[in-house]
Amino acid sequence: MSTLAHTMMTAARAADSGLAGPGELDRYPYAEASVADRVGSPAWEGADPDLGRVGRRAAGSRGRGLHGQLVQQLGQMIVSGDLGADRPLVPEEIGQRFEVSRTVVRESLRVLEAKGLVSARPNVGTRVRPVSDWNLLDPDIIEWRAFGPQRDDQRRELSELRWTIEPLAARLAAGHGRDDVQQRLADMVEIMSHAMGQGDVLTFSRADAEFHSLLIQVAGNRMLEHLSGIVSAALQVSGGPVTGCDRPNETSLAQHSRIVDALATGDGAAAEAAMRQLLTVHPEVERVVPAPREH
């Protein structure tokens, strides 16, 4: 095993990642009541009663500070519909509800505004914006949707987006042969192989995400490069508790290897075909796109 593979596998085992493990797919406590049932309810009804203080929200915070945890909590409540469109968000009420300072509330609302979830206007205050205004390509919103009531739609949409982005990226990457990139991609495949042999799903998922992100970054298209974060987010939520490759297997690993071989020879068509085959390994992708035809 290479030094890189050993280091990555050791780090993955030791890390307290905060990613969902088996059986933790529905780790976010979204209320199941319909939006109609919530009409007229006080602003914070429907939220988990045990979340009176943001600090208690450690399970989903991934080690973030109070600011990050409040962004996480409010973002989930907006995306789930617990805080519906045009709902006013009063900073003083938020501060009291979550026992945080006005500074933390103000900074958190600015982050949510940048994501398109809320708007702040003079003499109007801060209000929740409709879904049509959200930045649906933001990695946090992707995650919140994927583990909330809209999970099925989000995963389908992510699958369709990946099917559009990644085969093209693989074809383009074949024309940018760089030895360092080729080695890095080969290292990721090696790590995935060792992780699969040891049943280490977490390490497999991290190497898988690194592989796909790197492939997009070396495609030579800066617009595609900006989408690499979206693909990484999709890999974490699209198929299973941890990764899009929810059940690592020999077929998936073989397609990753085929992509590396195609890139090494500059064969864009083969790289694209291998990526399409890889995406059809996952059942949720097969529901929305046909398997590639054999010529």
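Computed over heavy atoms, backbone and side chain alike; hydrogens, waters and symmetry mates excluded. Since the model is a prediction, treat every value here as computed from it, not as a measurement.
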Q: State, yes or no, whether a side-chain contact exists between Trp163 and Thr280 at a heavy-atom distance under 4.5 Å.
A: yes
Q | Interatomic distance, Glu99 atom CD to Gln96 atom CD [nearest 0.5 angstrom] | A | 10.0 Å
Q: Would you please test Asp187 and Arg184 for salt bridge (charged side-chain N to carboxylate O under 4.0 Å, His left out) and show each step?
A: CA-CA 5 Å; Asp187 286 341; Arg184 183 72 178 176; 5.4 Å; no
Q) Side-chain contact, heavy-atom cut-off 4.5 Å: Glu210 with Leu185? A) no
**Q.** Side chain proximity check, Val79 to Phe147, heavy atoms < 4.5 angstrom
**A.** no
Q: Starting at CD of Gln73, measure out to CG of Leu83 and round the result to the nearest 0.5 Å.
A: 9.0 Å
Q. Do Ser80 and Asp82 get their side chains close enough for a donor-acceptor pair, meaning under 3.5 Å?
A. yes
**Q.** Any residue meeting side-chain contact (heavy atoms from CB on, under 4.5 Å) with Ala114, in chain and number order, not counting sequence neighbours
**A.** none
Q. Is Val111 close to Glu107 at the side-chain level, that is, under 4.5 Å between some pair of heavy atoms?
A. no
Q.
How long is the straight-line distance from CZ of Arg258 back to CG of Leu263, given to the nearest 0.5 Å?
A. 12.0 Å
Q | Distance-minimising heavy-atom pair for Met192 and Leu253 | A | CB-CD1, 3.8 Å
Donor-acceptor pairs under 3.5 angstrom involving side-chain atoms of residues 122-134: please list them, not counting sequence neighbours.
residue: Arg127; atom: NH1; partner: Asp86; partner atom: O; Å: 2.7
residue: Trp134; atom: NE1; partner: Arg129; partner atom: O; Å: 3.0
residue: Trp134; atom: NE1; partner: Pro130; partner atom: O; Å: 3.3

Q | Heavy-atom pair with the smallest gap, counting every atom of Ile141 and Asn135 | A | CD1-O, 3.2 Å
Q) Mind checking whether Arg276 and Gln255 have side chains closer than 4.5 Å, heavy atoms only? A) no
Q) If you take all heavy atoms of Ile259 and Met275, which pair is closest and at what distance? A) CD1-CE, 3.6 Å
Q) Side chains of Glu225 and Asn221: is there a donor and an acceptor less than 3.5 Å apart? A) no
**Q.** Side-chain touch Leu227/Met223, heavy atoms, less than 4.5 angstrom
**A.** no
Q: Compare every heavy atom of Ala262 with every heavy atom of Ala271, then report the nearest pair and how far apart it is.
A: N-CB, 3.4 Å
**Q.** 4.5 Å side-chain heavy-atom contact, Ile191 and Val189
**A.** no
Q) Do Met188 and His256 come close enough that some side-chain heavy atom pair is under 4.5 Å? A) no
Q | Shortest non-hydrogen separation from Lys115 to Asp140 and the atoms involved | A | NZ-OD2, 3.0 Å
Please table the atom pairs, donor to acceptor, closer than 3.5 Å between any side-chain atom in residues 164-174 and protein atoms at least two apart or in another chain.
residue: Thr164; atom: OG1; partner: Glu160; partner atom: O; Å: 3.1
residue: Glu166; atom: OE1; partner: His212; partner atom: ND1; Å: 2.5
residue: Glu166; atom: OE2; partner: Arg162; partner atom: NE; Å: 2.5
residue: Glu166; atom: OE2; partner: Arg162; partner atom: NH2; Å: 3.0
residue: Arg171; atom: NE; partner: Glu272; partner atom: OE1; Å: 2.4
residue: Arg171; atom: NH2; partner: Glu272; partner atom: OE1; Å: 2.7

Q: Carefully, step by step, assess Ile142 and Asp138 under the rule side chain to side chain contact (heavy atoms under 4.5 Å, CB included).
A: CA-CA 6 Å; Ile142 288 175; Asp138 181 279; over 6 Å; no
(Q) For the CZ atom of Arg145 and the CD atom of Gln76, what is their distance to the nearest 0.5 Å? (A) 14.5 Å
Q. If you round to the nearest 0.5 Å, how far is CZ of Arg206 from CG of Asp208?
A. 13.0 Å
Q: Using distance alone, with no hydrogens and no angle criterion, decide if Asp200 and His194 have a side-chain donor and acceptor under 3.5 Å apart.
A: no
Q: Can you measure from CZ (Phe98) to CG (Leu66) and round to the nearest 0.5 angstrom?
A: 12.0 Å
Q: Check whether any side-chain N or O of Ser108 sits under 3.5 Å from a backbone N or O of Val104 as a donor-acceptor pair, and report yes or no.
A: yes
Q: Taking Ser252 for its side chain and Asn249 for its backbone only, find out whether a donor-acceptor pair lies under 3.5 Å.
A: no
Q: Decide side chain to side chain contact (heavy atoms under 4.5 Å, CB included) for Leu70 and Ile94; before the verdict, give the C-alpha distance in whole Å, the side-chain angles of both, and the deciding distance to 0.1 Å.
A: CA-CA 9 Å; Leu70 184 58; Ile94 296 174; 4.2 Å; yes
